[in-house]
Amino acid sequence: MPKLTIDGKEIEVPGGVTVLQACELAGIEIPHFCYHERLSVAGNCRMCLVEMERAPKPIASCAMPAGEGMVIRTDTPAVKKARQGVMEFLLINHPLDCPICDQGGECDLQDQAMAYGVGHSRYEENKRAVKEKYMGPLIKTIMTRCIHCTRCVRFATEIAGVEELGLVGRGEHAEITALEKAIDSELSGNLIDVCPVGALTSKPYAFAARPWELVKTYSVDALDAVGSNIRVDTRGREVMRVLPRLHEDINEEWISDKTRYACDGLARQRLDRPYLRENGKLRPASWEEAFRAIAARLDGLDGGKIAALAGDLCDAESILALKDLMAGLGAANLDCRQDGAKLEAGARAGYLFNTTIAGIERADAVLLVGTNPRREAALVNARLRKRFLMGGFRVGLIGQPCDLSYPVDYLGAGPETLKDIAEGKGAFAEVLKGAERPMIVLGMAALARPDGAAILHLTCKLVEDFGLVSDGWNGFNVLHTAAARVAGLDLGFVPGAGGRDLAGILDGVHHGDIEVVYLLGADEIDMAGLGPNADEGAFVIYQGHHGDVGAHRADVILPGAAYTEKNGTYVNTEGRVQLGRLAAFPPGEAREDWTILRALSEVVGERLPYDNLGQLRQRLIEVNPVFAAIDQVEAAPRGGFGAFGAAGTLDPAPFAVAVENFYMTDPISRASETMAKCTEAFVLGQSGEATGTGG
């Protein structure tokens, strides 16, 4: 570890760090624009100049490795003059847009011009103008503001894996250019975050608000199962924008475009009061009327004729409250697996991403089975790409061919290929056997089939035979697509003794054995299976926040709260328990979901034993102690893989696609105008048609 002297203070730093990083470790701020710790070094802006003893001129600290015995000075007159000169050059062509720029108040150029610049310019020539570039429905460009730091180019190439941006020209004619088409990446919104000026801003958020007007709430994303840490910015009761929050083990400092931009769907097609269906039409009702209608339908009804389904966006508190209510009513027909995935509650190792997201960086080979992580979990895919760029990482794919932004060995389309690898056939079987830390990722497209249990069993046999699980390493992973799925399995929201799963519930409705179905935000099932109405099918109670397909079929609607409107607990695909925070209140008469279930329990005569959120969370811990460990991943027991799934006949049909349209997978994103524009640009523009559901 080299020792160097910075401003008279001796410091020892890790090997391989730069002078800029060494200065930061010493507590000294070095201004910079082009440097970003997650991107390659460019050395474009020269704002980070410092003096080094025996160097003939100031050095770019971002590009100079720290060495033994270096003497660095960061606050000399020469350094100050150099920084002022660089800032003066940067501002030669930068327009005076600050009053109208969306970056105002959050602009690195503003901050550093105040701290390190001079209050005047010696240049009187006309400023140059640069033509705007089209980058799609998400990114607004004002390229005259660009200072050519090339952060956007490096992010697109290195992190997102789409080489659609570049720097062309030299000197006065240099400019960032694009391919004049929408940037086809699920991570494109992060270009806005890495841009240090107002050249790239959010098109949906343009001229909407100033940062000092907004209330900022730290929360977690619920639109996929990654559990990205986010900051929700609100003004009054409206969510204005969603930004990433640093979490090294999950999303680093990135979020997907759906996480960032689907928030405008929170204000559209909302359910803000209860409804009752009379004479085939829904009419507004009071809470008392809605509860009485439900109580009247449940009165005297055997628990075996009642069923409940939990949707993909539910928090753990509402899932547990619904489970306890159903237990009081004697109903064992429960399911949280809307897609019919053949996963069982109980042993966590059988349904978690056991390697963990950060653990991907330790793997040296991966087999993807029935999954497209780029669509299903964009941040997991970004981590896989990061590991690939480190070198020595082989990726095998069984399923639908797809562009994952890194090279893959395409092995086949269906279970037969998986069976061959499990039997040791093929070159990739040797790759897995020879790898020190191999991993397998099993997706919902493989598990949600009728033979999903057999595929799970075969995969677990492969895990045991190939030694994917050992001391300190668990290479078996299930990649979920629903934020509520792991919490539902942790809480045992699956059929009880003699109970029916999703397929059994729909079959029971068809044969008249199931008369009441409670949908807790469950919008991804086949509503036709519930019958056209209560007379020819089930009596459907829908509790949710959007007027999506579940509400259209419902006989009673209870308006709930979206994930930004309640304090809720979520468990991501790796089993990490996280807390979502209330950032804005639900609209109208809508209420937090667990409070609705608590109030309903009084009316139906099965009072739930908790009166506040603290008591309910204590009940969560009683049901499963994992809910006591917030933001921690506890390694699941390694044994018992032979018991997961069930041996059976494999259907040779190829694996389908779990998420057909990344931009529309849930009621919020389907209500989003921005996601509709993305669907038009990226899905309709590619395939000629789009699907609104996401597996």
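Nothing here was measured: the structure is a model prediction, and the numbers come from that model.
- Although no hydrogens or angles enter the test, the distance criterion places a donor-acceptor pair under 3.5 Å between the side chain of Asn354 and the main chain of Phe476.
- Using a 4.5 Å heavy-atom cutoff, the side chains of Pro373 and Leu404 are in contact.
- The distance from atom SG of Cys152 to atom CG of Asp193, rounded to the nearest 0.5 Å, is 13.0 Å.
- Dense packing is recorded around CD of Glu361, with more than 12 heavy atoms of other residues, nucleotides or ligands lying under 6.0 Å away.
- To the nearest 0.5 Å, the span separating OG on Ser405 from CG on Leu187 amounts to 8.0 Å.
- Counting only heavy atoms from C-beta outward, the side chains of Leu456 and Leu343 approach each other to under 4.5 Å.
- With 3.5 Å as the limit, one finds no donor-acceptor pair spanning the side chains of Asn372 and Gln400.
- Between Val657 and Arg375, the closest side-chain pair of non-hydrogen atoms falls below 4.5 Å.
- Using a 4.0 Å cut-off between a side-chain N of Lys or Arg and a carboxylate O of Asp or Glu, Glu317 and Arg619 do not qualify as a salt bridge.
- Here the OG1-CG distance, from Thr564 to Leu582, works out to 8.0 Å after rounding to the nearest 0.5 Å.
- Taking CD1 from Ile357 and CG from Asn251, the interatomic distance works out to 8.0 Å, rounded to the nearest 0.5 Å.
- For the atom pair CZ (Phe155) and OG (Ser40), the distance works out to 13.0 Å, reported to the nearest 0.5 Å.
- Judged by distance alone, the side chains of Tyr351 and Asp490 do bring a donor and an acceptor atom under 3.5 Å apart.
- The 12-atom threshold is exceeded at OH of Tyr410, counting heavy atoms of other residues, nucleotides or ligands nearer than 6.0 Å.
- Proximity of a side-chain donor or acceptor of Asp335 to a complementary backbone N or O of Leu502 within less than 3.5 Å is detected.
- Contact annotation: the side chain of Tyr563 approaches that of Tyr570 to within less than 4.5 Å [non-hydrogen atoms, C-beta and beyond].
- With contacts defined as side-chain heavy-atom distances shorter than 4.5 Å, the pair Glu574/His480 does not qualify.
- In this structure, the side chain of Ser318 does not engage the main chain of Cys314 through any donor-acceptor pair within 3.5 Å.
- Of the inter-residue distances, the one linking Tyr205 atom OH with Ile192 atom CD1 reads 11.5 Å to the nearest 0.5 angstrom.
- Judged by distance alone, the side chain of Arg576 and the main-chain N or O of Val571 form no donor-acceptor pair under 3.5 Å.
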* List the steps, then state whether side chain to side chain contact (heavy atoms under 4.5 Å, CB included) holds for Gln21 with Tyr35. => CA-CA 10 Å; Gln21 292 170 317; Tyr35 170 76; 3.1 Å; yes
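- Remark: side-chain polar atoms of Thr356 are paired, donor with acceptor, to backbone N or O of Gly359 under 3.5 angstrom.
- Tested against Asp233, the residues Arg245, Arg260, Arg241 include a single salt bridge (charged side-chain N to carboxylate O under 4.0 Å, His left out) partner, Arg241.
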* Yes or no on salt bridge (charged side-chain N to carboxylate O under 4.0 Å, His left out) for Lys386 and Glu252, after CA distance, side-chain angles and deciding distance? -> CA-CA 12 Å; Lys386 180 180 180 180; Glu252 297 183 304; 2.5 Å; yes
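- Using a 4.0 Å cut-off between charged nitrogen and carboxylate oxygen, Lys258 and Glu186 do not count as a salt-bridge pair.
- Here the side chain of Asp364 pairs a donor or acceptor atom with the backbone of Glu436 at under 3.5 angstrom.
- In this structure a side-chain-to-backbone donor-acceptor pair under 3.5 Å is missing from Asn229 to Leu246.
- In this structure, the side chain of Asn190 does not engage the main chain of Trp254 through any donor-acceptor pair within 3.5 Å.
- Using a 4.0 Å cut-off between a side-chain N of Lys or Arg and a carboxylate O of Asp or Glu, Glu213 and Arg235 qualify as a salt bridge.
- Looking only at side-chain heavy atoms (C-beta outward), Leu266 and Ile668 come within less than 4.5 Å of each other.
- A salt bridge is defined here as a Lys NZ or Arg NE, NH1 or NH2 lying under 4.0 Å from an Asp or Glu carboxylate O, and Glu565 with Arg270 meets this definition.
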* Asked: Should Lys203 and Glu673 be marked as a salt bridge (charged side-chain N to carboxylate O under 4.0 Å, His left out) after you check the CA-CA gap, both sets of side-chain angles, and the distance that decides it?
  -> CA-CA 12 Å; Lys203 188 175 286 187; Glu673 182 180 350; over 6 Å; no
* Asked: Under the salt bridge (charged side-chain N to carboxylate O under 4.0 Å, His left out) criterion, do Asp264 and Arg268 qualify, and how do the steps go?
  -> CA-CA 7 Å; Asp264 63 332; Arg268 294 179 171 85; 3.4 Å; yes
* To do: Given side-chain hydrogen bond (donor to acceptor under 3.5 Å, both in side chains), test Gln578 with Asn572 step by step and report yes or no.
  => CA-CA 8 Å; Gln578 299 188 102; Asn572 76 345; 5.4 Å; no
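- Taking 4.5 Å as the limit, some side-chain heavy atom of His247 sits within range of a side-chain heavy atom of Asp631.
- Residues Glu164 and Met135 have side chains not in contact (no heavy-atom distance under 4.5 Å, counting atoms from C-beta outward).
- For Arg485 (side chain) and Cys336 (main-chain N/O), a donor-acceptor pair under 3.5 Å exists by modelled atom type.
- With hydrogens and angles disregarded, no donor-acceptor distance shorter than 3.5 Å links the side chain of His546 to the backbone of Gly544.
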